[in-house]
Amino acid sequence: MSWRVLADPESVAGAAADLVAKAIESGTRTLVLAGGSTPRRAYQVLAQRSLQWGRVTVLFGDERCVPPDDSESNYWMAMELLDRVRPGGVHRIPAELGAEEGAELYDEVVRRLAPLDLVLLGVGPDGHTASLFPGHPALEATSCAVAVHHAPKPPPDRVSLTLRVLREARRTVFIVTGSDKAEALARAQRGAVPAGMIAGAEYIVDRAAGAMLS
Ligand code: 6PG
């Protein structure tokens, strides 16, 4: 694990955008976007960079079982970037079809493209990442994508990349800000939660989120 603790969320967004830009310039072909609210600013900064997006295929780490034009959709959140940069390919998770069918279809997509080059992830206050929650059976999945039910963070039905695919990725980067994530990151540092179960992962966090790191 490598940790970068930066002053504030804006610095984290800038550093994350820099990292993705450099990765694309040095040959990244498959990029997995994180969901939630934290990466949004990084995507806005990234959208202003002039990059060869035509070479890049974009995927998603997880999706909520809502329509793609729903403001709760991770795809919808990422459209702010995708509409501006027009990647060569975009594979959204068809989670509106339901967690089972969405996972089955996405599993085929990821299986063809894995191992993935660069994966961006967020962290929840309970230490979950993507839609992989502490103690949830989805953590044991051996497929590439998995249906998630009874997720403790609404909505309860979701589709997620599996821990296996995240671990096999060439590079995994967590983008985390805010004091409500401090305890989760301390537990991740000890490998006690899903956000700490990916060997060699990189963490770009702000001072508030990194406050309990040892
Ligand atoms: C989701 C996300 C989830 C997210 C964390 C952090 O769909 O909910 O993929 O894993 O990254 O919950 O969310 P925030 O960035 O909004 O705090």
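As the structure lists them, so they are numbered: ligands from 1, and atoms in each ligand from 1. We use all heavy atoms of the structure for the numbers below, so side chains are in, but hydrogens, waters and symmetry mates are not.
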Let me confirm one number: the [atom1]-[atom2] distance from [X] to [Y], rounded to the nearest 0.5 Å.
{"X": "R171", "Y": "L31", "atom1": "CZ", "atom2": "CG", "answer": "11.5 Å"}
{"X": "S50", "Y": "E25", "atom1": "OG", "atom2": "CD", "answer": "8.5 Å"}
{"X": "Q189", "Y": "S214", "atom1": "CD", "atom2": "OG", "answer": "4.0 Å"}
{"X": "R64", "Y": "M77", "atom1": "CZ", "atom2": "CE", "answer": "8.0 Å"}

Taking distance alone, with no angle check, do S131 and ligand 1 share an N/O pair under 3.5 Å?
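Not met; the criterion fails.
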What part of D62, side chain, backbone, both or neither, has a heavy atom within less than 4.0 angstrom of ligand 1?
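The part of D62 near ligand 1 is the side chain, not the backbone.
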For atom 6 (C) of ligand 1, which candidate among V123, V148, T129 holds the nearest heavy atom?
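Answer by nearest heavy atom: V123.
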I'd like to check which ligand 1 atoms, numbered from 1 as shown, lie under 4.0 Å from a non-hydrogen atom of [X].
{"X": "R158", "value": "1 (C), 7 (O), 8 (O)"}
{"X": "G35", "value": "2 (C), 9 (O), 11 (O)"}
{"X": "R64", "value": "1 (C), 7 (O), 8 (O)"}
{"X": "T38", "value": "14 (P), 15 (O), 17 (O)"}
{"X": "K181", "value": "6 (C), 14 (P), 17 (O)"}

What's the shortest distance from [atom] to any protein heavy atom, and which residue and atom give it?
{"atom": "atom 4 (C) of ligand 1", "answer": "K153 NZ, 3.9 Å"}
{"atom": "atom 5 (C) of ligand 1", "answer": "H128 NE2, 3.4 Å"}
{"atom": "atom 16 (O) of ligand 1", "answer": "S37 OG, 2.6 Å"}

Taking a cutoff of less than 4.0 Å between a non-hydrogen atom of the residue and any ligand atom, is E63 in contact with ligand 1?
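For ligand 1, residue contact (heavy atoms, under 4.0 Å) with E63 is absent.
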Proximity flag A130 to ligand 1, non-hydrogen atoms under 4.0 Å
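Per 4.0 Å heavy-atom rule, A130 contacts ligand 1.
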Name of the residue among L116, L33, V90 meeting side-chain contact (heavy atoms from CB on, under 4.5 Å) with L59:
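So the option named by the test is L116.
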For the hydrophobic clusters of this structure (ILVMFWY residues joined by side-chain heavy atoms under 4.5 Å, transitively), does one cluster hold both I198 and I175?
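Yes, I198 and I175 fall within the same hydrophobic cluster.
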Is L19 reachable from V5 through a run of hydrophobic residues whose side-chain heavy atoms are each under 4.5 Å from the next?
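Linked within one cluster.
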According to the interplanar angle, ranging from 0 to 90°, do the rings of F133 and H128 count as parallel (below 30°), tilted (30 to 60°) or perpendicular (above 60°)?
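It falls in the tilted class, 30° to 60°.
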Using the rule given for side-chain hydrogen bond (donor to acceptor under 3.5 Å, both in side chains), can you reason through R55 versus Q52, listing the C-alpha separation, both sets of side-chain angles and the distance that settles it, and then say yes or no?
CA-CA 6 Å; R55 298 189 183 118; Q52 298 294 345; 4.8 Å; no
